[in-house]
Amino acid sequence: MNILTFDIEDWFHTHENRKFLSGHIWKDLPSRVEDNTERILDMLDELGLKATFFILGWVAEYHPKLVERIHSKGHEIAAHSHWHHNARLLSPGDFEKDLVKCLEHLKDITGIPVTAYRAPGYSLKIKDNWAFEILAANGITVDSSVQLWNNRVSLPMIIEAGDSQILEFPLIKSSFGFPYSGGGYFRAMPQVFLNHFFKETDNGGSREHYRLLYFHPRDFDPENPYTNLFSAFRNMLNKYNTDACMSRLKIILSNQNSCTIGEAVIRYTNAK
């Protein structure tokens, strides 16, 4: 089962730089999120697939018609914070303010309460009870904010959040210690390793039942701007193999099943 997700943010949204770069300048930078997201939507239309779109509240605020378009095509709308901060660097109060602002923008556009969330950079840990309690108190029932090393637990996981429970769909790192199923890792990895990680069975012959795919609009944009806002490495990574990323992903999606997180929840519930 490949759970297909996209984090909808612009090329300049990266939590590594938030300590130094204030979001008030974002609106003055050249935006590429609409055109790049259209590439994703066209690909999904071509393949007849639906996905979960974790949308940054800032993007919803400045590009509401993009959110309307994603929603109108039947894709699942989820929250990705408002300011793209590392969640663990925020106070509980600031974390909740950021969450609520994102949720309100998305609901205002679609008319539907959002119940799924992903922290920028998968920056939450299972032990962050304070964050999950805040998520649950604001209507979040499904989360995808945690990274785990190898698939050694039953997935998805149930996280206790006060008097509520949240179903966690984590990102799984490979045995080499890094994720492979999206973003810069997917683009940078040699094809032979992608073929290995995405094969249907492991060395023991057992079927891989869980894989979380995650991509950003910039992953498919060979024209990502070079900027002194980022380090030379970040500029290089933002461009590396962007011209090949979509064709790589289309091959996988054409040959293996995929689903939204909402559909994965239904499968999980029916299997219990």
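Computed from a prediction, not measured in an experiment: that's the story for all the values here. Residues: numbered from 1 along the sequence shown.
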Any donor-acceptor N or O pair under 3.5 Å, side chains D219, H216: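 Result is yes, a qualifying pair exists.
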
Within the distance-only criterion (no hydrogens, no angle test), does the side chain of T5 pair as donor or acceptor with the backbone N or O of L213 below 3.5 angstrom?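 Yes: the side chain of T5 pairs with the backbone of L213.
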
May I ask you to decide if A119's main-chain N or O and S145's side chain share a donor-acceptor pair within less than 3.5 Å?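 At least one qualifying donor-acceptor pair exists.
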
With a distance cut-off below 6.0 Å to the six-membered ring centre and an angular limit of 45° from the axis, does R39 pair with F220 as a cation-pi contact?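 Output no; distance or angle outside limits.
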
Would you mind checking if K50 and E263 are paired as a salt bridge, meaning a charged N to carboxylate O distance below 4.0 Å?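 Salt bridge: no.
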
Could you measure the distance from the NZ atom of K239 to the CG atom of N224? Nearest 0.5 Å is fine.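 The distance works out to 6.0 Å.
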
Could you check whether any side-chain heavy atom of V33 comes within less than 4.5 Å of a side-chain heavy atom of L56, counting everything from C-beta outward?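 No, side chains not in contact.
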
Under the ring pair (Phe, Tyr, Trp, His ring centres under 6.0 Å) test against Y180, which residue among Y214, F193, F197 passes?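 Testing Y180 for a ring pair (Phe, Tyr, Trp, His ring centres under 6.0 Å) against Y214, F193, F197 leaves exactly one candidate, F197.
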
Among H80, H75, H71, find the residue that satisfies the ring pair (Phe, Tyr, Trp, His ring centres under 6.0 Å) test when tested with F53.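 Answer to the ring pair (Phe, Tyr, Trp, His ring centres under 6.0 Å) test with F53 among H80, H75, H71: H75.
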
Over 60° means perpendicular and under 30° means parallel, so classify the ring planes of F12 and W26, tilted if in between.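 Rings of W26 and F12: tilted, 30 to 60°.
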
In the hydrophobic cluster built from side-chain contacts under 4.5 Å, what are the other members alongside L237?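 Answer for L237: F233, M236, Y240.
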
Pair W130 + F95: ring centers closer than 6.0 Å: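 Distance test on ring centres: under 6.0 Å, yes.
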
Mind running salt bridge (charged side-chain N to carboxylate O under 4.0 Å, His left out) on E34 and R69 for me, showing each step along the way? CA-CA 10 Å; E34 292 195 10; R69 181 154 174 75; over 6 Å; no

